[in-house]
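Worksheet: the structure to be examined is printed underneath.
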Amino acid sequence: MELKFGKILGLAALLGGFGAGVPGSVAAQDYPYRDITAAVVWGAGGGTDTINRMIMAEMEKHLPVSINVTNQTGGVAGSNGMVYVMNQPDDGYTLVGLSESNVTAAVQGGWDKKFDYWYPFIVGGSPDLISVPANSPYSTIQELVDAAKAAPGTIPAAASGAGSIHHLNLLAIQNGSGAEFKFVPYKGSAPGQEAAIAGEVQLVVTSLAEQAALIEGGQLKPLAMLTEDSAEIAGMTVPSAFGIYDGLDKYLPLKQAIGFAVHNSASDEIKAALGAAFEKAISGDAVATWAAANNYDVGGQYGEEASKIFTTLEANFAYTLKDLGATTVDPASLGIEKP
């Protein structure tokens with residue numbers, strides 16, 4: 001009996017030592033030791049999906065595992081995807097691919113969390129601009145604004161849904177210039193751009209990435225960038241509206257913030273590992289080349305810096321929607337402070 005017991009103890013010690021010395025031991029492995037999934041809340045082929053597939057492919061090069069990108073769409077402002085990831089363990093193995101548009105999910109009743117539930121990483125975004133149909137009589141932003149001032153509320157302007165970043169940019173140019181347009185909401189940027197080309201509206205506000213092919217094809221005529229910088233496209237310089245209206249910096253810029261996030265409750269080890277891979281990926285030539293080819297600005301913010309950007313966007317979006325009567329939840333009840 002003593003011999004058998006001794007054998008058991010010896011075997012246990014041997015197995016214990018074997019497990020501790022094997023790199024494959026789960027207990028001894030650092031994050032990440034298995035593949036990661038990034039669940040994008042918007043559809044395949046869209047801007048958020050495309051950016052996530054690009055950045056995850058680059059981050060994989062600096063991690064010992066693969067990152068699989070899937071799509072979890074639907075709900076209110078991408079809430080289905082966010083709820084799906086929220087319900088996964090906060091172990092860093094399920095990320096959520098998202099954009100600035102997701103900050104309105106809570107005030108529209110999609111879920112009951114502030115955006116600070118997430119620890120975000122911003123890959124970048126594309127700047128917004130105002131364009132008109134190619135045959136428009138307006139050749140400058142000043143001409144368009146003067147016409148809107150002369151006949152307030154009569155010039156139809158397309159932007160995706162109420163409270164979207166494109167709508168907020170339209171409101172900003174109105175507030176900064178004193179013009180008043182007739183806002184016509186569309187279910188996405190593409191329908192709004194098509195409406196402008198068809199002559200249903202006289203101007204459209206969407207991103208440069210979305211408009212680029214139409215501008216290059218001669219279907220849209222760009223008038224002004226809604227950022228501090230001008231842009232070069234189709235052999236022309238699109239001026240910044242900031243150089244035309246002095247008070248515009250009070251309302252702009254409002255920029256896209258597209259990227260991904262992990263649970264904010266994830267461990268410091270997980271955040272550090274993702275942050276290190278993200279920093280290496282975002283600073284690489286592949287990201288810079290992709291961004292330049294697709295008319296995107298590279299962000300690179302994550303953690304506290306990115307959270308501050310999303311907090312500002314959340315407040316602006318939420319209270320704009322409230323003023324428009326488009327919220328089902330009072331932003332204040334969620335702890336969102338008025339900007």
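Only this structure's heavy atoms are used, side chains among them; waters, hydrogens and symmetry mates stay out.
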Item to complete: Begin from the C-alpha positions of Phe310 and Asp116 and carry the test side-chain contact (heavy atoms from CB on, under 4.5 Å) through to its verdict.
Response: CA-CA 8 Å; Phe310 274 112; Asp116 61 7; over 6 Å; no

Return yes if some donor-acceptor pair links the side-chain N/O of [X] with the main-chain N/O of [Y] below 3.5 Å, else return no.
X	Y	result
Asn52	Gly259	yes
Ser126	Asn295	yes
Tyr119	Lys271	no
Thr50	Gly47	no
Lys322	Pro331	no
Gln88	Tyr84	yes
Glu143	Tyr138	no
Glu314	Phe115	yes
Tyr319	Ile336	yes
Glu269	Tyr31	yes

If you compare all heavy atoms of [X] against all heavy atoms of [Y], which two are closest, and at what distance to 0.1 Å?
X	Y	value
Ser265	Asp90	OG-OD2, 2.8 Å
Trp42	Ala77	CH2-C, 3.6 Å
Val83	Gly110	CG2-O, 4.5 Å
Ser230	Pro239	CB-CA, 4.1 Å
Ile67	Met59	CD1-CB, 4.2 Å
Ser283	Lys280	OG-O, 3.2 Å

In this structure, would [X] and [Y] fall into the same cluster of hydrophobic residues linked by side-chain contacts under 4.5 Å?
X	Y	value
Leu63	Tyr302	yes
Val329	Val103	no
Leu208	Leu252	no
Leu171	Leu129	no
Val205	Phe317	no

Could you tell me whether the side chain of [Y] reaches within less than 4.5 Å of the side chain of [X], counting heavy atoms only?
X	Y	answer
Val204	Tyr186	no
Leu95	Val85	no
Trp118	Met82	yes
Ile244	Gln142	yes
Asn80	Val41	no
Phe260	Met56	yes
Ser139	Lys221	yes

Using the rule side-chain contact (heavy atoms from CB on, under 4.5 Å), only one of [options] pairs with [X]; which is it?
X	options	result
Tyr93	Ile36, Asp35, Thr37	Ile36
Ser131	Leu214, Ile215, Leu203, Leu223	Ile215
Met54	Asn294, Val287, Asp49	Val287

Practice prompt. Start with the C-alpha distance between Phe181 and Ile155, add both sets of side-chain angles, then the distance that settles side-chain contact (heavy atoms from CB on, under 4.5 Å), and finish with yes or no.
Written response: CA-CA 5 Å; Phe181 298 103; Ile155 296 178; 4.0 Å; yes

Discussion item. For Phe121 and Phe278, take the angle between the two ring planes, folded into 0 to 90°, and tell me which bin it lands in: parallel under 30, tilted 30 to 60, perpendicular over 60.
Written reply: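 Perpendicular: the ring planes of Phe121 and Phe278 meet at over 60°.
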
Practice prompt. If the plane angle is over 60° it's perpendicular, under 30° parallel, otherwise tilted; pick one for His167 and Phe183.
Written response: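 Answer is parallel, since the angle falls under 30°.
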
Worksheet item: Between Ile282 and Val123, does a side-chain contact (heavy atoms from CB on, under 4.5 Å) hold up when you go through it step by step?
Response: CA-CA 7 Å; Ile282 207 77; Val123 179; 4.0 Å; yes

Nearest-0.5 Å distance, [atom1] of residue [X] to [atom2] of residue [Y]:
X	Y	atom1	atom2	answer
Ser79	Trp111	OG	CH2	9.0 Å
Asn87	Thr94	CG	OG1	10.5 Å
Ile258	Ser101	CD1	OG	8.0 Å
Ile165	Glu100	CD1	CD	4.5 Å
Thr206	Ile130	OG1	CD1	10.5 Å
His62	Glu279	NE2	CD	11.0 Å

Worksheet item: Around atom NZ of Lys149, are there more than 12 heavy atoms of other residues, nucleotides or ligands at under 6.0 Å?
Response: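 Check passes, neighbour count above 12.
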
Discussion item. Are more than 12 heavy atoms, taken from residues, nucleotides or ligands other than Asp285, located less than 6.0 Å from that residue's CG atom?
Written reply: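 Not buried by this count: 12 neighbours or fewer within 6.0 Å.
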
Worksheet entry | Exercise: do Glu232 and Thr237 side chains pair donor with acceptor under 3.5 Å |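 Their side chains do contain a donor-acceptor pair, which is all the 3.5 Å distance test asks for.
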
Fill in: Pair Arg34 + Asp91: basic N to acidic O under 4.0 Å
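The answer is yes: the pair qualifies as a salt bridge.
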
Worksheet entry | side-chain contact (heavy atoms from CB on, under 4.5 Å) evaluation trace for Gln256 with Tyr296 | CA-CA 10 Å; Gln256 288 182 322; Tyr296 278 95; 4.2 Å; yes

